[in-house]
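Shown next, in C-alpha cells, is the structure this report addresses.
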Amino acid sequence: NPSVSLTADVPSLNAMGFSLKNLIAELSGNTSSINLKNVKANVEGTELTAKGSIQITPSMKVNITLNGNNINLEQLLKDNPAMKGKLSGIAGLTFTVTGNEKAVTGKGSLTSKTLKAFGLNLSDINLPLSFSGSTFASRGGTAKLYGGNAKNTLTFDTASMKFTDEITA
C-alpha cells in the first residue's frame, strides 16, 4: 500500500461560493486514508484552519475540524443576498464535520464578544451550531441584549439559501 505526503500552496481557489486565498495544505496518506495535517486558507479576509482525516476504504468516513478566529462576519457574508448587511462583528468558530458515504453532519460553536445582528446590538454570544442534510442550525444560542438575556433558534438552508432566525428575550 504505497503512501504519499503532499504540501500544496495555492494562491487562489473558489469553493462552495467562497474565495479562498493563500491555501496551504499538508496532506499525507495512502490508498486507504488521507490525513489533513494542516490546512490553512484566507476566506474573505479571515484565516481558517482544518485538521482531520478521510478514510477511503473499506468504507468512506470523514472527520475534519475547522477553526477560525477573528472572523469578520460582514465580510464573510457580503456575497450572500439573504445575509448581506444583516450581521457585523468579529467571531470565533470551531466546527467538526463527520460523515460517511450516506450522510455528512457537523457540530460546533460560534462565539463573539459583541456583534450587530439584524439591527440589534448583542454581546457575549454563544451559538451552538449543527449541520445536517443541507441545513445549518443553531438551537439554544444565548446572548446579552440591551442589558437582558436573549435566546435564539436559527436555520440556514444552503440548498435554497433561506435563512430564518427567532430571538426571544
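The basis for the numbers below is simple: all heavy atoms, side chains too, and nothing from hydrogens, waters or symmetry mates.
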Do Leu145 and Leu120 have side-chain heavy atoms sitting under 4.5 Å apart? yes
Give a yes or no on whether Lys107 atom NZ has more than 12 heavy-atom contacts from other residues, nucleotides or ligands under 6.0 Å away. no
So CD of Glu47 and CG of Asn42: to nearest 0.5 Å the spacing works out to 7.5 Å
Given 3.5 Å as the limit, does a donor-acceptor pair link the side chain of Thr57 with the main chain of Ser59, or not? no
Given side chain to side chain contact (heavy atoms under 4.5 Å, CB included), test Val104 with Val97 step by step and report yes or no. CA-CA 7 Å; Val104 174; Val97 177; 3.4 Å; yes
Yes or no on side chain to side chain contact (heavy atoms under 4.5 Å, CB included) for Leu36 and Ile54, after CA distance, side-chain angles and deciding distance? CA-CA 8 Å; Leu36 285 72; Ile54 302 170; 4.0 Å; yes
Check whether Ile64 and Ile24 end up in the same hydrophobic cluster, where Ile, Leu, Val, Met, Phe, Trp and Tyr are linked by side-chain heavy atoms less than 4.5 Å apart. no
Looking only at heavy atoms, which two atoms of Pro11 and Asp9 are closest? And how far apart? CD-O, 3.8 Å
What one should report as the nearest heavy-atom pair of Gln55 and Pro58 is NE2-CD, 3.5 Å
Is it the case that the side chain of Ser5 and the backbone of Ser28 share a donor-acceptor pair, with hydrogens and angles ignored and the cut-off at 3.5 Å? no
For the atom pair CG (Leu27) and OG (Ser53), what is the distance rounded to the nearest 0.5 Å? 12.0 Å
Give, for atom CG of Leu87 and atom CD1 of Ile71, the distance between the pair rounded to the nearest 0.5 Å. 12.0 Å
With a 4.5 Å cut-off on side-chain heavy atoms, are Asn149 and Lys144 touching? yes
On a heavy-atom basis, which atom in Asn14 and which in Ser19 lie closest, and how many Å separate them? OD1-CA, 3.4 Å
Within the 4.5 Å heavy-atom criterion, are Thr94 and Thr111 side-chain neighbours or not? no
So, the side chain of Thr142 versus the backbone of Lys151: is there a donor-acceptor pair under 3.5 Å, distance only? no
Taking every non-hydrogen atom, the tightest pair across Ala50 and Leu66: CB-CD2, 3.6 Å
When rounded to the nearest 0.5 angstrom, what is the spacing between CG in Asn152 and CD in Glu166? 9.0 Å
Could you tell me how the ring of Phe163 sits relative to the ring of Phe156: parallel (under 30°), tilted (30 to 60°) or perpendicular (over 60°)? tilted
Consider only side-chain N and O atoms of Thr164 and Thr155, and report whether a donor and an acceptor are under 3.5 Å apart. yes
May I ask you to test the Ser123-Thr114 pair for a side-chain heavy-atom distance under 4.5 Å? yes
Please check: side-chain N/O of Ser138 versus main-chain N/O of Pro128, any donor-acceptor pairing under 3.5 Å? yes
4.5 Å side-chain heavy-atom contact, Asn70 and Asn72: no
Interatomic spacing from CG in Leu93 to CG in Asn69 - rounded to 0.5 Å: 9.0 Å
Given the rule in the side chain to side chain contact (heavy atoms under 4.5 Å, CB included) test, do Val62 and Asn100 qualify, once you have shown the distances and angles that lead to the verdict? CA-CA 6 Å; Val62 175; Asn100 55 37; over 6 Å; no
Provide the closest heavy-atom pair for Ile90 versus Ser112 in the form atom of the first, atom of the second, distance. O-OG, 2.6 Å
Any chance you could lay out the side chain to side chain donor-acceptor pair (under 3.5 Å) test for Ser132 and Thr105, step after step, and finish with the verdict? CA-CA 5 Å; Ser132 182; Thr105 60; over 6 Å; no
Nearest-0.5 Å distance, CG of residue Leu20 to OG of residue Ser12: 8.0 Å
Side chain Asn35, main chain Lys37, donor-acceptor under 3.5 Å: no
Contact between Thr65 and Phe95 at the side-chain level, heavy atoms closer than 4.5 Å - yes or no? no
So do the side chains of Tyr146 and Leu122 get within less than 4.5 Å of each other, counting heavy atoms only? no
Given side chain to side chain contact (heavy atoms under 4.5 Å, CB included), test Leu115 with Ile125 step by step and report yes or no. CA-CA 8 Å; Leu115 61 80; Ile125 298 99; 3.8 Å; yes
Please give me the minimum heavy-atom distance between Ala91 and Leu110, naming the atom from each residue. CB-CD1, 3.7 Å
